[in-house]
Amino acid sequence: MTVPPEAVWAVLADPGGYAYWVVGSKLVRDAEPGWPAPGTKFHHTIGVTRLTISDHTESLEADPPRRLKLRAKGRPLGTATVTLELEPRDGGTLVRITENPDGVYSPMALNPVVHLATKYRNAESLMRLEELALRR
C-alpha cells in the first residue's frame, strides 16, 4: 500500500470502516469503547440481500501500528482467526492478512474451494482497506 502503517492502522482502529472494507460485511451495529484493545468487540451484520447474520468480532491482540489479531464470528456459517500484519516497505506498507477457520470450523481450512474463495475475498478486502487509508 502506498500509505504509512499509521494510516492503515487508523482504518483498522475505526470499527465503522469494517462494514466497507471487509467483503461480505453489511453493517457495524456498535462497538465497545477502546476498540481495538484486546478483549474489545464490535457487533456486525454480514450477508447479502435479506440473508444476513448478526454476530461480533473480538480483538485478540493489538500492537499498533504493526499487528492486529481478531476472532471474527459469523455463526452458524463460521468463525475464524484473522491476523493483519503491517510492515513498512518503500515508503508505504506491506499488509499481510491471514485467515484461518477455527473451532469446529477448522476442517474448512482443508477445503480448496474455501481456500480459493478466502484468497479472492481477502484480496478485494485489502484493496478496499488501502482505499480507506488513502482517504485519511
Does any N or O in the side chain of Thr79 come within less than 3.5 Å of the main-chain N or O of Asp102, such that one atom is a donor and the other an acceptor?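 Yes, Thr79 side chain to Asp102 backbone: donor-acceptor pair under 3.5 Å.
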
Just by modelled atom types, is the His44 backbone N or O under 3.5 Å from a matching donor or acceptor in the Lys26 side chain?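 Checked: no pair found.
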
For residues [X] and [Y], determine if any side-chain heavy atom of one lies less than 4.5 Å from a side-chain heavy atom of the other.
X	Y	answer
Leu84	Leu70	yes
Arg135	Val11	no
Thr2	Glu130	yes
Leu86	Leu12	yes
Val22	Arg121	yes

Would you please test Arg67 and Thr83 for side-chain hydrogen bond (donor to acceptor under 3.5 Å, both in side chains) and show each step? CA-CA 7 Å; Arg67 178 179 161 91; Thr83 304; 4.6 Å; no

Counterpart residues, side-chain contact (heavy atoms from CB on, under 4.5 Å), relative to Thr40 (two or more places apart): Glu32, Trp35, Ala37, Ser59

If hydrophobic residues (ILVMFWY) are linked whenever their side-chain heavy atoms come closer than 4.5 Å, directly or via other members, who joins Leu116 in its cluster?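 Same cluster as Leu116: Tyr120.
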
What are the two closest heavy atoms between [X] and [Y], and how far apart are they?
X	Y	value
Pro5	Pro65	CB-O, 3.7 Å
Val3	Ala133	CG2-CB, 3.6 Å
Pro38	Ala62	CG-N, 3.9 Å

Are Leu134 and Met1 connected in the hydrophobic side-chain network, where two residues link if heavy atoms are under 4.5 Å apart? yes

Assigning hydrophobic clusters by single linkage (Ile, Leu, Val, Met, Phe, Trp, Tyr; side-chain heavy-atom cutoff under 4.5 Å), is Leu129 placed with Val23?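 No, Leu129 and Val23 fall in different hydrophobic clusters.
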
Starting at CD1 of Ile53, measure out to CD1 of Ile46 and round the result to the nearest 0.5 Å. 5.0 Å

NZ-CD distance between Lys69 and Glu61, expressed to the nearest 0.5 angstrom: 5.0 Å

Enumerate the residue pairs fulfilling side-chain hydrogen bond (donor to acceptor under 3.5 Å, both in side chains) with a member in residues 8-24, sequence neighbours excluded, ordered by first and then second residue.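 The answer is Asp14-Arg136, Tyr20-Glu131.
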
Once ring pair (Phe, Tyr, Trp, His ring centres under 6.0 Å) is applied, do any residues pair with His115, and if so which ones, sequence neighbours excluded? none

Applying ring-ring contact (aromatic ring centres under 6.0 Å, His included), which residue pairs with at least one partner in residues 66-101 are found, sequence neighbours left out?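 Residue pairs with at least one partner in residues 66-101: there are none.
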
Strictly by ring-ring contact (aromatic ring centres under 6.0 Å, His included), give each pair with a member in residues 53-84 just once, sequence neighbours left out. His43-His56

